[in-house]
S.K.: 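One structure coming up, written as structure tokens, with questions to follow.
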Amino acid sequence: MTLRFTNTLTRRVEPFEPLVAGRVGIYCCGVTVYDLCHLGHARSYINWDVLRRYLVWRGYAVTFVQNFTDIDDKILNRAAAEGSSMEAVSERNIEAFHTDMDALNILRADRMPRATRCLDGIRTLIQELEAKGAAYCADGDVYFAVMKQQGYGKLSGRDLAEQQQGASGRTATAEEARKRHPFDFALWKRAKPGEPSFDSPWGAGRPGWHIECSAMVRQELGDTIDIHLGGADLIFPHHENEIAQSEAATGQPLARTWLHNGMVNVDGEKMSKSLGNFTTIRDLLASGVSPMTLRLFVLQAHYRKPLDFTTEALDAAATGWQGLNSALELIAGSGSAPSTRAAITPQPQGAPALPAELSTARERFIAAMDDDLNTAAATAVLFELARPLRALANRIERGDGAAAEQRQTPAMARRAALLQELAGVLGLKGEANAPAARTAAAAEGFSETEINALIDQRRAAKAAKDFANADQIRARLLAAGIELIDKPGGLTDWLRR
RNA sequence: GGCGGCAUGGCCAAGUGGUAAGGCAGAGGAUUGCAAAUCCUUUACCCCCAGUUCGAAUCUGGGUGCCGCCUCCA
């Protein structure tokens, strides 16, 4: 079984072979930092984080580069609207990006270049394109000449000759008039009065959107990289244009493999700012959805398919995560397995002989992930591994002494270690959440002392065989979201539901 | 209009030629004063039509429906 990916460039599933054996260079298109990240970003970066973790686990030396677009009309508009500066808006949102991504357990990229700090590379690239006749300057703007580039449209499956007809109605604006072809795009934009600008051979201005990625890829990873990542909505024009620029300049393929993730939909439509149907990551987390629930929700679907975001589906993921989590926390509680909460590490060479069931589980996990990152099938393996552990954890929680003993058996320990290792490859880590749940319950109307008092009342009622009264107390607390759990020895515990 | 993708049980979602993973929800039983947890059992002819094949959810053709891109977008 070999690792295979669906390459957007060839539209087929093909075996993955890095340019240099054992090393993988990855470039992931980042965000334009004019606002907070929403669930679409979360989905994309969770998927690519798993790709990265998996490659590392399989023993590749991965260099992962992700950019920030920190100059753009939207950032300037935002800065103008709030009376601050481009830098202030960018800095704030870069910080927010890190906070949100860290919360989702997404590993930080090895290098995170910013457009405003790569201007030398950008200017050099544009000059090379100009020298080769692939770019032209028009009134302070510089455009890429798509007609000069053989194969333009190969990524998105577009044919320039056919596309021209459909574009005939769009040449009215002043900018369109300066272009030689409607698909020509800006490499450098002349500065408008009052806007931040940078010097260049073509006058003061700033880089176009697409050129920064071409320059950063080259600067950080070289002319040809192994994998280029992004959302499906970037295929055209962004990635098409990146390819055109880079390949016109270097004469080399920009990336061997192009991977694109599907969109997050709401009510069947793409989540986007313009439709106003987006939820930010921090809003979702603030609403009480755990980061790992979101992660599981994303990973239970295949990365290329659209993912419909509904509260029902998210609730299902939350319940599913509780099960996995209790299995993972059982491990953490036993202190017998090594923690994989830090960065992912390669799987041990010459893995120890495992019992047949576990060894099969591990193979199924690898086969699923090798098959174009089939995380949905991979999570199924996790659930199957977790089932006995989860059952054990629940019995321990409810006071079953025999269950506590079983936790220590070698069979359970091996199963637990494997579960934790594979969960770590997917970036899933145990969350201890009981204390927070109690605080929330107490805030909802019943103080902890009141709850304890009611439990005492109920115990007395039970002793007097007054079950009607006992059940009434249970119902009363349940209505407030507090569940009573009777344990052996006449003890009663409670949980926030 | 052009390009690309998707249609699997109540919901989500794997499965690319040999009689359908997994999660959520549901049902029956054991157990429990009740509840919870646990254990056992259980719920799909894979959008429609035609074709290829010994055999198709899986391949081919046609149809229907939905989505994305073609303008900034993960």
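Each chain gets a letter, A, B and so on, in the order the sequences are listed, and its residues count up from 1. The structure presented is a predicted model; accordingly, all values stated were derived computationally and were not measured.
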S.K.: Looking at the side chain of A/Asn394, which of B/rA37, B/rG68, B/rG23 is the nearest nucleotide?
M.R.: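 Closest nucleotide among those given: B/rA37.
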S.K.: Just the atom pairs and distances: protein N or O near nucleotides 29-35 of chain B's N or O, under 3.5 Å.
M.R.:
unit_1 : atom_1 : unit_2   : atom_2 : d
B/rG33 : O6     : A/Arg458 : NH2    : 3.1
B/rG33 : N1     : A/Asp471 : OD1    : 2.9
B/rG33 : N2     : A/Phe467 : O      : 3.4
B/rG33 : N2     : A/Asp471 : OD1    : 2.7
B/rG33 : N2     : A/Asp471 : OD2    : 2.5
B/rC34 : O2     : A/Asp471 : OD1    : 3.3
B/rC34 : O2     : A/Arg474 : NE     : 2.9
B/rC34 : N3     : A/Arg474 : NH2    : 2.9
B/rC34 : N4     : A/Asp486 : OD2    : 2.4
B/rA35 : N1     : A/Asp486 : N      : 3.4
B/rA35 : N3     : A/Arg474 : NH2    : 3.2

S.K.: Please report the distance, rounded to the nearest Å, between CZ in A/Arg158 and P in B/rG68.
M.R.: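 Computing the A/Arg158:CZ to B/rG68:P distance gives 15 Å.
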S.K.: Which nucleotide wins on minimum distance to the side chain of A/Met263, given the candidates B/rC12, B/rA37, B/rG68?
M.R.: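 For A/Met263, the side-chain atoms sit closest to B/rG68.
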S.K.: Could you give the side-chain donor-acceptor pairs of residues 303-310 of chain A under 3.5 Å, partners two or more places apart or in another chain?
M.R.:
unit_1   : atom_1 : unit_2   : atom_2 : d
A/Tyr303 : OH     : A/Asp372 : OD1    : 2.7
A/Asp308 : OD1    : A/Gly268 : N      : 3.2
A/Thr310 : OG1    : A/Ala313 : N      : 3.0

S.K.: Which whole-number value in Å describes the distance from A/Phe183 CZ to B/rG2 P?
M.R.: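 Value for this atom pair: 15 Å.
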S.K.: Could you tell me which nucleotide pairs with B/rU19 by Watson-Crick or G-U wobble geometry, both distances under 3.5 Å, or answer none if nothing does?
M.R.: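 Base-paired to nothing in any strand shown.
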S.K.: At 4.0 Å (heavy atoms only), tell me whether A/Gly153 reaches a base, stays on the sugar-phosphate, or touches nothing.
M.R.: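 No contact.
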S.K.: Searching all strands shown, indicate the nucleotide that pairs with B/rC59 (Watson-Crick or G-U wobble; both distances under 3.5 Å).
M.R.: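 Checking every strand shown, B/rC59 finds its partner in B/rG51, with both distances under 3.5 Å.
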S.K.: With side-chain contact (heavy atoms from CB on, under 4.5 Å) as the criterion, how do A/Glu483 and A/Leu477 come out once you've worked through the C-alpha distance, each side chain's angles and the decisive distance to 0.1 Å?
M.R.: CA-CA 7 Å; A/Glu483 182 187 5; A/Leu477 284 167; over 6 Å; no
S.K.: With sequence neighbours left out, write down each residue that passes side-chain contact (heavy atoms from CB on, under 4.5 Å) with A/Glu357, or none if nothing qualifies.
M.R.: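 Scan of A/Glu357 (side-chain contact (heavy atoms from CB on, under 4.5 Å), adjacent residues dropped) gives A/Arg415.
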S.K.: When the distance from CZ of A/Arg390 to C1' of B/rC39 is rounded to whole Å, what number comes out?
M.R.: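 In whole Å, B/rC39 C1' lies 12 Å from A/Arg390 CZ.
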S.K.: Atom CG of A/Leu324 and atom P of B/rG22: how far apart are they, to the nearest Å?
M.R.: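 Taking CG of A/Leu324 and P of B/rG22, I get 14 Å after rounding.
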S.K.: I'd like to check the side-chain contact (heavy atoms from CB on, under 4.5 Å) partners of A/Val146; sequence neighbours left out, ordered by chain and number.
M.R.: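 A/Val146 satisfies side-chain contact (heavy atoms from CB on, under 4.5 Å) with A/Phe144, A/Tyr152, A/Leu160, A/His181, A/Phe183, A/Asp184, A/Phe185 only.
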S.K.: Rounding to a whole Å, what distance do you find between A/Arg43:CZ and B/rG68:C1'?
M.R.: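 Distance, rounded to whole Å: 12 Å.
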S.K.: Looking at the side chain of A/Arg395, which of B/rA37, B/rC69, B/rG23 is the nearest nucleotide?
M.R.: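 Of the options given, the side chain of A/Arg395 lies nearest B/rA37.
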S.K.: Let me know, please, whether A/Leu234 or A/Asp315 comes out on the 5' side of the other along RNA chain B by nearest nucleotide.
M.R.: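 Result of the comparison: A/Asp315.
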S.K.: Please collect all side-chain hydrogen bond (donor to acceptor under 3.5 Å, both in side chains) contacts where either partner lies in residues 376-392 of chain A, sequence neighbours excluded, each pair once.
M.R.: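 The answer is A/Arg364-A/Glu384.
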S.K.: Please state how far atom CG in A/Leu294 lies from atom P in B/rC12, giving the value in whole angstrom units.
M.R.: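 It works out to 18 Å between those atoms.
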S.K.: According to side-chain contact (heavy atoms from CB on, under 4.5 Å), who are the partners of A/Ala376, at least two apart in sequence or on a separate chain?
M.R.: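 Once residues adjacent in sequence are excluded, the partners of A/Ala376 under the side-chain contact (heavy atoms from CB on, under 4.5 Å) criterion are A/Asn374.
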S.K.: Say we look at B/rU8 and B/rG23: how far apart would their C1' atoms be, to the nearest angstrom?
M.R.: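 These two C1' atoms come out 15 Å apart once rounded.
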S.K.: Which nucleotides of nucleotides 15-21 of chain B have their base under 4.0 Å from a protein heavy atom (B), which only their sugar-phosphate (S), and which neither (-), written as one string 5' to 3'?
M.R.: S-----B
S.K.: Taking pairing as Watson-Crick or G-U wobble with both contacts under 3.5 Å, can you name the mate of B/rG26, or confirm there isn't one?
M.R.: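 The answer is B/rU42, by the H-bond criterion.
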S.K.: How many whole angstroms separate atom CZ of A/Phe383 from atom P of B/rA25?
M.R.: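 Rounded to whole Å, this separation is 11 Å.
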S.K.: Students often get this wrong, so: under 4.0 angstrom with heavy atoms, is A/Val381 touching a base, only sugar-phosphate, or nothing?
M.R.: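 Since no nucleic acid heavy atom lies under 4.0 Å of A/Val381, the category is nothing.
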S.K.: Under 4.0 Å, counting only non-hydrogen atoms across every strand here, what does A/Gly230 touch: a base, just sugar-phosphate, or nothing?
M.R.: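 Result for A/Gly230 = sugar-phosphate.
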S.K.: Give none if B/rG4 has no partner; otherwise give the nucleotide forming a Watson-Crick or G-U wobble pair with it, both distances under 3.5 Å.
M.R.: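 Here B/rG4 is engaged in a pair, and the nucleotide opposite it is B/rC67.
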S.K.: Please report the distance, rounded to the nearest Å, between CH2 in A/Trp258 and P in B/rA74.
M.R.: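 To the nearest whole Å, that distance equals 15 Å.
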S.K.: When you check the gap from the basic side-chain N to the acidic O, do A/Arg4 and A/Asp371 get nearer than 4.0 Å?
M.R.: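 Result for this pair is yes, salt bridge flagged.
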S.K.: Is any NZ, NE, NH1 or NH2 atom of the basic residue among A/Glu82 and A/Arg92 found under 4.0 Å from an Asp or Glu carboxylate oxygen of the other?
M.R.: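 Yes, charged N to carboxylate O under 4.0 Å.
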S.K.: Do the ring centers of A/His41 and A/Phe278 come within less than 6.0 Å of each other?
M.R.: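 A/His41 vs A/Phe278: aromatic centres not under 6.0 Å.
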S.K.: Can you name the salt bridge (Lys or Arg N to Asp or Glu O under 4.0 Å) partners of A/Asp471, sequence neighbours left out?
M.R.: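 Salt bridge (Lys or Arg N to Asp or Glu O under 4.0 Å) list for A/Asp471, sorted by chain: empty.
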S.K.: side-chain contact (heavy atoms from CB on, under 4.5 Å) with A/Ser246: which residues, sequence neighbours excluded?
M.R.: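 By the side-chain contact (heavy atoms from CB on, under 4.5 Å) rule, A/Ser246 matches A/Ser214, A/Leu254.
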S.K.: Classify A/Tyr45 by what it touches in the nucleic acid, base, sugar-phosphate, or nothing, heavy-atom distance under 4.0 Å.
M.R.: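 The answer is sugar-phosphate, as A/Tyr45 gets under 4.0 Å only of primed atoms, P, OP1 or OP2.
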